[in-house]
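These numbers come from the heavy atoms of this one structure, side chains and all, not from hydrogens, waters or symmetry mates. Remember, it's 1-based here, ligands and their atoms both numbered in the order they're listed.
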Amino acid sequence: MNLDEGRIVKRRSERRGLHFVIAAASIVFAGLAIVGALAVGYALAGFAIISAVALLTLPATEEAGVKSPVALPQHAGEPLDALVAGLPDPVIALDRNGRVLAFNGYARSLAPALRHAEPVSLALRMPELIEAVGRAYADGEEQRIEYSERVPLDRWFEVVVVPVKHAIGAARPEFVFMTFHDLTPLRRIDEMRADFVANASHELRTPLAALSGFIDTLRGSARDDAAARDRFLAIMQQQAHRMARLLDDLLSLSRIELNAHRQPDAPVDLVPIVRQVVDGLQMLARDRGVTVQVQAANALIVPGDHDELIRVFENLIENALKYGAAGKRVEITLTQDRSADGSPEACVAVRDFGPGIAPEHLPRLTERFYRVDVRESRAQGGTGLGLALVKHILNRHRGRLSIESKPGAGATFSVFLPASAAAPG
Ligand code: ADP
């Protein structure tokens with residue numbers, strides 16, 4: 001017997017007891033009045049007092065007019081609702097006809113049309129779900145199916161339909177629990193992994209195809225052409241260099257991701273790091289006709305990983321030299337600031353005066369293999385992974401990257417890192 005049935009039986013017996021007391025009182029007082037042992041007035045008063053006492057001892061819930069559970073579907077109501085409310089996934093309890101007995105807030109956000117005592121098919125229009133409920137009742141076995149939604153966003157769920165029997169050894173389930181496990185994050189990771197492998201193979205295949213094409217040419221038509229051979233070998237070297245760089249970036253990305261949860265803590269001064277990177281890129285700067293100015297405090301100490309921070313500024317300054325070369329000038333400013341919560345923060349801004357970046361590209365620039373202009377990136381020896389690396393390194397340092405740009409007026413890439421302490425200005 002379940003909780004509701006128990007309560008119903010108890011209330012019925014209480015009501016029967018009340019009727020018995022009133023009937024007995026009326027017989028006793030009527031008898032006494034008839035045989036003359038009691039005046040009619042006293043008999044009526046005694047009868048009224050006993051009836052009133054019996055009525056007042058009836059449980060308060062009956063008097064308050066609480067809905068009788070008999071009128072509701074068998075398991076609807078508070079106990080089941082309270083039970084599912086505490087569960088961390090969308091859960092719906094259904095009777096054998098597929099009518100809703102109970103559901104929690106997560107289920108309501110998933111299917112806003114859910115209503116108690118109405119068929120679940122009005123809120124979840126998916127015949128497979130209803131069939132699974134039917135099977136769970138018929139076989140008494142748990143059912144698992146996949147359920148997906150397209151609107152307003154793509155979402156995937158695994159739905160587990162569990163038949164529930166109250167009484168041990170009961171022949172048939174009394175209701176079913178339908179639980180939804182959100183598979184969307186897992187699906188997205190799978191999609192991202194597949195995209196990543198497809199992009200990486202495509203990036204590697206392009207220089208590989210160029211290399212094997214030139215090898216064929218050198219063994220064939222250009223076999224005796226010394227000038228063509230030199231030209232082709234130079235291109236082959238460039239392509240091999242690009243492949244090596246791509247593999248290097250891929251390995252760095254996976255290493256940084258593996259260590260993402262460990263925040264580096266060695267004290268690192270950003271000023272010599274930036275100067276070292278600028279020195280290393282002097283050749284490229286001269287080649288592109290760009291002058292680089294660095295404005296720095298005496299020291300800017302952050303807890304960090306020296307080599308990873310070199311990688312961050314190499315990528316940003318090299319990009320400014322490559323994509324912003326038309327502006328002829330790159331400015332790098334290092335300052336100590338305070339973050340929104342008042343803690344000390346180091347800021348390094350790399351500003352170029354080139355063509356800039358259209359606003360629609362800004363949010364996607366740190367995605368792996370995202371480029372504004374793929375041909376230009378390739379021509380510049382880019383891998384499309386530089387800013388993704390920057391983002392991951394900064395995440396590991398609990399820092400952030402901000403990108404500001406107005407097309408035609410250049411771009412500013414600013415790195416913010418939590419600073420160790422107030423550094424000497
Ligand atoms: P890549 O290897 O292609 O340089 P990145 O991840 O470093 O890859 O940069 C992604 C894209 O962002 C580049 O291909 C380029 O289109 C754009 N970009 C980066 N820096 C700048 C900049 N300073 N000015 C204009 N575009 C830039």
Side-chain angles (χ1 to χ4, degrees), residues 192 195-196 199-207 210 238-254 256-257 274 277-278 280-281 284-285 287-294 308-333 347-396 399-415:
M192 277 167 61
D195 283 355
F196 178 68
N199 280 326
S201 345
H202 177 72
E203 291 296 325
L204 281 169
R205 193 174 296 131
T206 316
Q238 221 178 44
Q239 296 297 334
H241 179 68
R242 196 174 136 208
M243 284 174 76
R245 201 173 159 169
L246 184 66
L247 287 173
D248 194 34
D249 281 358
L250 286 171
L251 288 175
S252 303
L253 255 181
S254 77
I256 292 160
E257 272 182 339
V274 170
V277 171
V278 171
L281 290 169
L284 178 68
D287 196 41
R288 304 293 157 100
V290 179
T291 54
V292 183
Q293 295 167 344
V294 181
E308 287 185 6
L309 290 172
I310 290 218
R311 204 74 195 262
V312 165
F313 298 111
E314 259 173 8
N315 271 305
L316 296 182
I317 299 169
E318 195 180 319
N319 278 353
L321 293 172
K322 289 190 312 194
Y323 302 111
K328 300 284 173 213
R329 160 166 83 95
V330 168
E331 286 177 4
I332 305 168
T333 321
C347 172
V348 182
V350 179
R351 179 173 184 198
D352 70 65
F353 298 85
I357 305 159
E360 65 269 24
H361 296 295
L362 294 181
R364 300 199 58 191
L365 284 186
T366 54
E367 282 175 26
R368 289 158 198 214
F369 299 113
Y370 188 86
R371 286 105 146 192
V372 174
D373 181 338
V374 178
R375 285 181 84 189
E376 194 198 356
S377 157
R378 291 213 177 120
Q380 302 273 13
T383 61
L385 292 173
L387 292 178
L389 262 171
V390 167
K391 186 181 89 175
H392 278 86
I393 294 174
L394 293 181
N395 281 349
R396 177 160 128 77
R400 68 198 152 87
L401 175 72
S402 124
I403 310 172
E404 286 167 22
S405 178
K406 272 201 197 119
T412 304
F413 287 72
S414 305
V415 168

**Study point:** Part of D352 with heavy atoms under 4.0 Å of ligand 1, whether side chain, backbone, both or neither
**Key:** side chain
Check your understanding: If only atom types and distance count, is the side chain of D248 paired as donor or acceptor with the main-chain N or O of A244 below 3.5 Å?
Key -> no
**Study point:** Contacts of L362 that satisfy side chain to side chain contact (heavy atoms under 4.5 Å, CB included) - sequence neighbours left out
**Key:** I357, L365, I403, S405
Review point. For atom 25 (C) of ligand 1, which candidate among I357, T412, N319, I403 holds the nearest heavy atom?
Key: I357
Enumerate donor-acceptor pairs with a distance under 3.5 Å from any side-chain N or O in residues 317-329 to protein atoms, sequence neighbours excluded.
| from | atom 1 | to | atom 2 | distance (Å) |
| --- | --- | --- | --- | --- |
| E318 | OE2 | R245 | NH1 | 3.3 |
| E318 | OE2 | R245 | NH2 | 3.3 |
| R329 | NH1 | E331 | OE2 | 2.5 |

Practice item. Any atoms of ligand 1 less than 4.0 Å from a non-hydrogen atom of L365? List them with their elements. Key: 12 (O)
Study note, to complete from the structure: Here the gap from D249 atom CG to S254 atom OG, rounded to the nearest 0.5 Å, amounts to 11.0 Å
Practice item. Would you tell me which option among Y370, F353, Y323 has the nearest heavy-atom contact to atom 18 (N) of ligand 1? Key: Y323
**Study point:** Heavy atom of the protein closest to atom 14 (O) of ligand 1 (residue, atom name, distance)
**Key:** R371 CG, 3.1 Å
Practice item. Please report the shortest heavy-atom distance between L387 and T366, naming the atom on each side. Key: O-CG2, 3.8 Å
Practice item. Pull out every atom of ligand 1 sitting under 4.0 Å from any heavy atom of V372, numbered as shown with elements. Key: 16 (O)
Review point. If we only count N/O pairs under 3.5 Å, is T383 in contact with ligand 1?
Key: yes
Point to revise | Heavy-atom closest contact (I256 atom, R396 atom, distance) | key: O-CD, 4.1 Å
Practice item. Would you check the N or O atoms of G384, main chain and side chain alike, for any that come under 3.5 Å of an N or O of ligand 1? Key: yes
Study note, to complete from the structure: For atom 5 (P) of ligand 1, the closest protein heavy atom turns out to be L387 N, 3.6 Å
Exercise for review: For atom 3 (O) of ligand 1, grab the closest protein heavy atom and report residue, atom and distance to one decimal in Å.
Suggested key: S377 OG, 2.6 Å
Exercise for review: Give the C-alpha distance, both sets of side-chain angles, the deciding distance and a yes or no for side-chain contact (heavy atoms from CB on, under 4.5 Å) between R311 and L389.
Suggested key: CA-CA 8 Å; R311 204 74 195 262; L389 262 171; 4.0 Å; yes
